[in-house]
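Numbering of ligands and ligand atoms starts at 1, following listing order.
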Amino acid sequence: MGIIVSPSLLSADFLHLSEDIEMVNNSEAEWFHIDVMDGVFVPNISYGMSIISQIRTQAKKPLDVHLMIVEPERYIGQFHQCGAEILTVHLEASTHLHRTIQQIKSYGMKAGVALNPHTSVQLLEDILPELDVVLLMSVNPGFGGQSFIEHSVDKVKKLRQLIQDTHSHALIEVDGGVNNETGKRLAEASADALVAGSFVFHSASPLETIKGLTQLK
Ligand code: DX5
Ligand code: ZN
C-alpha cells in the first residue's frame, strides 16, 4: 500500500477554493486535511463549521479534520454535522481524552489524537487501542510553511513500536514541513499518512506532487 496523502487546504487559494477542491478530487490523495484553529490553543485563527460544510458539498473524499482548539469536546457533534469523517483532537487540549474519543466514535467518526512536538508518544500508551489515527505534529501547530522538526522521524519509529506493543490498529499520520525529502524519511520510518500544505499547493503541478508523495513507500 502506498502512502495516504492528506493535502491541507490551509495552503489553498481561498478565492478559488472550488478549483483546489476539484484538484484534490482528481488527485491520488485519499483525504482532505482541514485545519481548525481557535486563536487560543494556537496563535492563529483559520475557519470553522460553515466553510467545512461547504467544502463537504464538493469534496469527494473523507474530510480529515484537525482541531487545534481548546475544549474540543464541546464541538464534536457540530463537526460531525458539517461532514468530518476523521476527527482529531490534541492530547494537550483535552483533559478527559478517553471520554472525548468515545464521543467522537459514538457519532461513527474515526477518532484521532494529535501530539505537539514536545509531547512524548508514551503518553498514548493507555489510549492507543481506542484510536484510529495518531497525528504527530512535525512543526509547532498554527501555521503552514514552517520547517520540519527533525526528531519527528524518531518519534514515528517509537510510535510504531508502541502501536505493535499495544495491539493498536491506529494509523500514523505526520503533519508539518512535509516535502519529498522529509516525506521519504517519514515513510521509511513507517508513517502511514502524510499531510502536506504548502508543498502541494505552492508547487507547479499539485497533481504530480501529490502522486510523488503517495509513491514514497
Ligand atoms: C499546521 C497545520 C498543518 C499545515 C501544514 O498547524 O496543522 O496541517 O497546514 O502545512 P505545511 O505542509 O505547509 O507545513
Ligand atoms: Zn493539520
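Listed by number with element, the atoms of ligand 1 under 4.0 Å from a non-hydrogen atom of Leu10 are 9 (O). Within the listing of ligand 1, atoms 7 (O) sit less than 4.0 angstrom from a heavy atom of His66. Atom numbering of ligand 1 starts at 1 in the shown order; those under 4.0 Å from a heavy atom of Met137 are 7 (O). Atoms of ligand 1 lying under 4.0 Å from any heavy atom of His33, numbered from 1 in the order shown and given with element: 8 (O). Proximity to Ala196 (heavy-atom distance under 4.0 Å) selects the following atoms of ligand 1: 12 (O). Heavy-atom proximity to Gly176, at under 4.0 Å, picks out these atoms of ligand 1: 14 (O). Of all atoms in ligand 1, numbered sequentially from 1 with element shown, those under 4.0 Å from a heavy atom of Met68 are 6 (O), 7 (O). Near Pro141, the atoms of ligand 1 lying under 4.0 angstrom from a non-hydrogen atom of the residue are 6 (O).
Looking only at protein heavy atoms, the nearest one to atom 6 (O) of ligand 1 is Gly142 N, 2.7 Å. For atom 12 (O) of ligand 1, the closest heavy atom belonging to the protein is Gly197 N, 2.8 Å. Atom 13 (O) of ligand 1 has Ser198 OG, 2.5 Å as its closest protein atom, hydrogens excluded (heavy atom only).
Looking only at its N/O/S atoms, His66 has ND1 as the one nearest to the Zn ion (ligand 2). Note on Asp35: its N/O/S atom closest to the Zn ion (ligand 2) is OD1. When you scan the N, O or S atoms of Asp175 for the one nearest the Zn ion (ligand 2), you land on OD2.
Comparing Ala12, Gly144, Gly177 by heavy-atom distance to atom 14 (O) of ligand 1, the nearest is Gly177. Of all the listed residues (Val200, Val195, Leu194, Asp175), Asp175 holds the heavy atom that lies closest to atom 5 (C) of ligand 1.
By the criterion of a heavy-atom distance under 4.0 Å, the side chain of Ser8, and not its backbone, is placed next to ligand 1. With a 4.0 Å heavy-atom cut-off, ligand 1 is reached by the backbone of Phe143 but not by any atom from C-beta on.
You'll find the side chain of Phe199 reaches within 4.5 Å of the side chain of Leu213, heavy atoms only. Taking the side chain as every heavy atom from C-beta outward, Glu181 and Phe148 never approach each other to under 4.5 Å. You'll find the side chain of Met109 stays beyond 4.5 Å of the side chain of Gln103, heavy atoms only. Looking only at side-chain heavy atoms (C-beta outward), Gln54 and Leu17 stay at 4.5 Å or farther from each other.
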Quick one, Glu188 with Lys157, criterion side chain to side chain contact (heavy atoms under 4.5 Å, CB included). Give me CA distance, side-chain angles, the key distance, then yes/no. CA-CA 9 Å; Glu188 282 168 2; Lys157 294 180 191 162; over 6 Å; no

I'd like to know whether Glu130 forms a side chain to side chain contact (heavy atoms under 4.5 Å, CB included) with Gln102, so could you lay out the CA-CA distance, the side-chain angles of the two residues, the decisive distance to 0.1 Å, and finally the verdict. CA-CA 8 Å; Glu130 311 290 324; Gln102 301 310 322; 3.1 Å; yes

Stepwise salt bridge (Lys or Arg N to Asp or Glu O under 4.0 Å) test for Glu28 and Lys61: CA-CA 10 Å; Glu28 291 183 33; Lys61 301 176 181 187; over 6 Å; no

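Asp35 and Ser46 share no side-chain donor-acceptor pair at under 3.5 Å. No side-chain N or O of Ser138 forms a donor-acceptor pair with one of Ser152 less than 3.5 Å apart.
In terms of N/O distances under 3.5 Å, ligand 1 is approached by Gly145. For ligand 1, the polar-atom distance check finds an N/O of Asp35 within less than 3.5 Å of one of the ligand's N/O atoms. The N/O atoms of Phe199, backbone and side chain alike, include none that comes under 3.5 Å of an N/O atom in ligand 1.
Using a 4.5 Å cut-off between side-chain heavy atoms of Ile, Leu, Val, Met, Phe, Trp and Tyr, with links allowed through other members, Val153 and Ile163 fall into the same hydrophobic cluster. In the hydrophobic clustering of this structure, Ile45 does not group with Ile52; members are Ile, Leu, Val, Met, Phe, Trp, Tyr whose side-chain heavy atoms approach within less than 4.5 Å, directly or through other members. Connection of Ile76 to Leu91 is established within a shared hydrophobic cluster, with ILVMFWY side chains joined at heavy-atom distances below 4.5 Å, either directly or through further cluster members.
Tested against Leu136, the residues Val121, Val195, Asp175, Leu186 include a single side chain to side chain contact (heavy atoms under 4.5 Å, CB included) partner, Val121.
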